[in-house]
Number of protein chains: 4
Amino acid sequence: MKNNKETKILQAAEKVFFSKGFFPARMEDIADEAGVAKGTLYLYFKDKTSIYVHLMSYRLEVAVNVLESMQHAKTSATEKLEKIFDGWAHYYSQAKGMTSFISIENINLTTEIMKEMENQIKPKMFKFIDNIARIIKTGIVNHEFKKVNPQVASIFFLNTVRVVQVSHLYKINVKDGQEMIKEMFFNGIKLNKKESKR
Amino acid sequence: MKNNKETKILQAAEKVFFSKGFFPARMEDIADEAGVAKGTLYLYFKDKTSIYVHLMSYRLEVAVNVLESMQHAKTSATEKLEKIFDGWAHYYSQAKGMTSFISIENINLTTEIMKEMENQIKPKMFKFIDNIARIIKTGIVNHEFKKVNPQVASIFFLNTVRVVQVSHLYKINVKDGQEMIKEMFFNGIKLNKKESKR
Amino acid sequence: MKNNKETKILQAAEKVFFSKGFFPARMEDIADEAGVAKGTLYLYFKDKTSIYVHLMSYRLEVAVNVLESMQHAKTSATEKLEKIFDGWAHYYSQAKGMTSFISIENINLTTEIMKEMENQIKPKMFKFIDNIARIIKTGIVNHEFKKVNPQVASIFFLNTVRVVQVSHLYKINVKDGQEMIKEMFFNGIKLNKKESKR
Amino acid sequence: MKNNKETKILQAAEKVFFSKGFFPARMEDIADEAGVAKGTLYLYFKDKTSIYVHLMSYRLEVAVNVLESMQHAKTSATEKLEKIFDGWAHYYSQAKGMTSFISIENINLTTEIMKEMENQIKPKMFKFIDNIARIIKTGIVNHEFKKVNPQVASIFFLNTVRVVQVSHLYKINVKDGQEMIKEMFFNGIKLNKKESKR
DNA sequence: TATGAATGAGTCTTCATTCAT
DNA sequence: CATGAATGAAGACTCATTCAT
């Protein structure tokens, strides 16, 4: 994000898209939030969709960067995933209005306007997923994880983060809930015969 | 669904909402799909939101009915969840356009228009989740499952179903993917020390 | 009004047009009020405008009949006008919603739809006014009234009736108000020099 | 009327509402007449009703201002009322399409949409009527007028202005008609016994 | 005749986008 | 670069009218 105003707009857009969702969000809302005029938005972005796409891109890039910087850490795969999990859960927790802003299913929007988005976002989403998958793969190699399909497990992992947020709606204690959910992700819900004898 | 035309409209709406999502879906699209005039929609439903709400309600009711009819089956909790999982995964697989039509996060839409929806859908969603939770509770009692929070596990379970759909986008072999995902749900991804020696 | 159902519809229409006015009144309102189906209205009247026109016509005819039957009464012109005044004031008093249903200015509606109405109603309105004018003329001949233009005085008279209704809005005591207004009509508001010495 | 475009819109609206009436007037008509795009109307006014209300308000305010500026003139009450009468009769004469745009009975519209209007317009209407009533009161004090109820007389006066307009429909010579009508208002139509001996 | 479900033309209103300043 | 007034395409919704039963 070279430009300062561009950043301001993206931040405003993030806030607005978070609280209203893509369609109900109006360009004027974003402009107001950014403290610029409506017309200014069009100096930095082609259209509404473009803002959304750039925002997604930016967030995914940041996420990918974080993931890549973690790859070489000496922590275990489990620890890495836990750290990612906590970070994302925190990020999601701000998104009161719209669950899963950068969420996997947005990838699938097929509206006329959205099609172009797909081309921009999908590849980054895949890259993002692949980065998680790489950690999982390492975990498998290191005998931390079972021999699961890393990509499927990656998607599974990302979806799990969303459970935290949805759980909020149930007024489940956040900290506890989050730990429970992580636990379920790593260990499943099935009672291991051996465990049962503990 | 007493009325035949009402059914036709709801089916058309389901198709349209599935493929476009709520906002981009136009009343005319639904009318065309249903083979009726625009005005006819308003003979059966108050407005666009109402169609959506009724559709959600209907699907949730069906789902809850299915769940309730399963409660007394003699199958294990695991078998029950697997069956539900497969059923839902199949249903979702039709929803090419919009992931998670009846999905937990829709609960959280806060648009002006959506507020009334919340009152209609949220309770049914909760009922739905509670039905899953009851199965999980049985599973805990029967020593099939760990002592997890049944509601959190229920939400976790429902989210897992969505993973199947998202995986499609990765062109992952459906049957395989689905089984993998179920396996992950029940057993987690963590390698059990004892297992590792198998 | 030959037909019984036609009468029922016209009565219903009168009530509805009275309370809502022409444009906001819906055909369904009239049908409901008449206790018939919407389609039935079209068996008796060409369209909404037609109902209105027939209603106006009917009321004007009744009014003209009343006036004509009064022409030969031996009462003074003043007494006649007073009687008419009271009768109309009473009729108007029912029209809470729409002032002056059969009112002189409706004659002037120029909406596309209304044009045909003009041809039907205007002549009757004129006939109605002429009947009042004739009474006034008699009054002039009998030295009850000044040598005013009878038609202008007729219109003036009709408008005066409306003052009663408008006065209601001022919470002016109806009986008193009505008498005051009549008094003003007949005697004006100017203090006669001779009178002042009484 | 600060804004220039707002003025243009109100003027256009006045013309359109005059010629068509409130309901048949389309927003597009007003936009076309004002030489702006439909959307522009909504930059200055909330909705169609709002335009109408503002227009009424504006006209009533102008009228009240005129009346208030006249209060302290040294002319007699009769002269004042005549001047007002002539002014209004002139204004009305432009309103070919809709009689009595700012007319007392509009006060009574009860349509759903109109309710808010009532709150805005009614008080101003009352103020307007009270201003006329004040002149009449002065006339009574000065022994120009009889001891009539000033408010009733005020309403009576305003309605009288409308008679001029309606008389046009009778192709009555305007100037003459107007004088006749004023004469009738001030002196009534009843022949004074003393007068009769003239 | 009577019905009322169905139609679709007609309107208001919103909002992304443009462009003169 | 920035503005925000202006635009007009698009879409939800209403309701007079029709017509199969």
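Naming convention: chains lettered A, B, ... in sequence-line order (proteins, then strands); numbering from 1 in each chain.
Scanning for ring-ring contact (aromatic ring centres under 6.0 Å, His included) contacts around C:Phe45 gives C:His54, with sequence neighbours left out. For B:Tyr42, the side chain to side chain contact (heavy atoms under 4.5 Å, CB included) criterion is met by B:Met27, not counting sequence neighbours. Legend: residues meeting side-chain hydrogen bond (donor to acceptor under 3.5 Å, both in side chains) with B:Lys124, ordered by chain and number and at least two apart, are B:Glu61.
Taking every heavy atom of both residues into account, D:Val16 and D:Ala25 meet most closely at CG1-CB, 3.6 Å. When all heavy atoms are compared, the tightest approach of C:Met56 to C:Ile121 is CB-CD1, 3.3 Å. Among all heavy-atom pairs drawn from D:Glu6 and D:Tyr44, the shortest one is CB-CD2, 4.0 Å. D:Ala34 and D:Ile9 make their closest contact through CB-CA, 4.1 Å (heavy atoms, listed as atom of the first residue, atom of the second, distance).
Within 4.0 Å (heavy atoms only), C:Tyr44 reaches sugar-phosphate atoms of the nucleic acid but no base atom.
Regarding C:Phe45, its CZ atom lies at a distance of 16 Å from the P atom of F:dA16, rounded to whole Å. Across the protein-nucleic acid pair, B:Tyr42 atom OH and F:dA16 atom C1' stand 18 Å apart, rounded to whole Å. Protein atom CD of D:Glu28 is 11 Å distant from nucleotide atom P of F:dG8, rounded to whole Å. If you take CG of B:Asp47 and P of F:dT14, they are 8 Å apart, rounded to a whole angstrom. Protein atom NZ of B:Lys48 is 12 Å distant from nucleotide atom C1' of F:dA10, rounded to whole Å.
Between D:Ile30 and D:Phe17, some side-chain heavy-atom pair lies under the 4.5 Å cut-off. Between B:Val53 and B:Ser50, the closest side-chain pair of non-hydrogen atoms is not below 4.5 Å.
Two residues, D:Leu43 and C:Ala25, neighbour DNA chain F, and the one matched to the more 5' nucleotide by heavy-atom proximity is D:Leu43.
Both key distances under 3.5 Å define a Watson-Crick or G-U pair, and stretches of 3 or more such consecutive pairs in DNA chain E run E:2-21 with F:2-21.
Where DNA chain E meets chain A (any atom under 4.0 Å from a heavy atom), the bounding nucleotides read 5' to 3' are E:dC15 to E:dT18.
Pairs engaging residues 22-33 of chain D under the salt bridge (Lys or Arg N to Asp or Glu O under 4.0 Å) rule: D:Lys15-D:Glu33, D:Lys20-D:Asp29, D:Arg26-D:Glu28, D:Arg26-D:Asp29 [sequence neighbours left out].
Between the side chain of B:Lys48 and the backbone N or O of B:Phe22, at least one donor-acceptor pair lies under 3.5 Å.
Near DNA chain E, meaning a heavy atom under 4.0 Å from it, residues 34-41 of chain B has B:Val36, B:Ala37, B:Lys38, B:Gly39, B:Thr40 in order of number.
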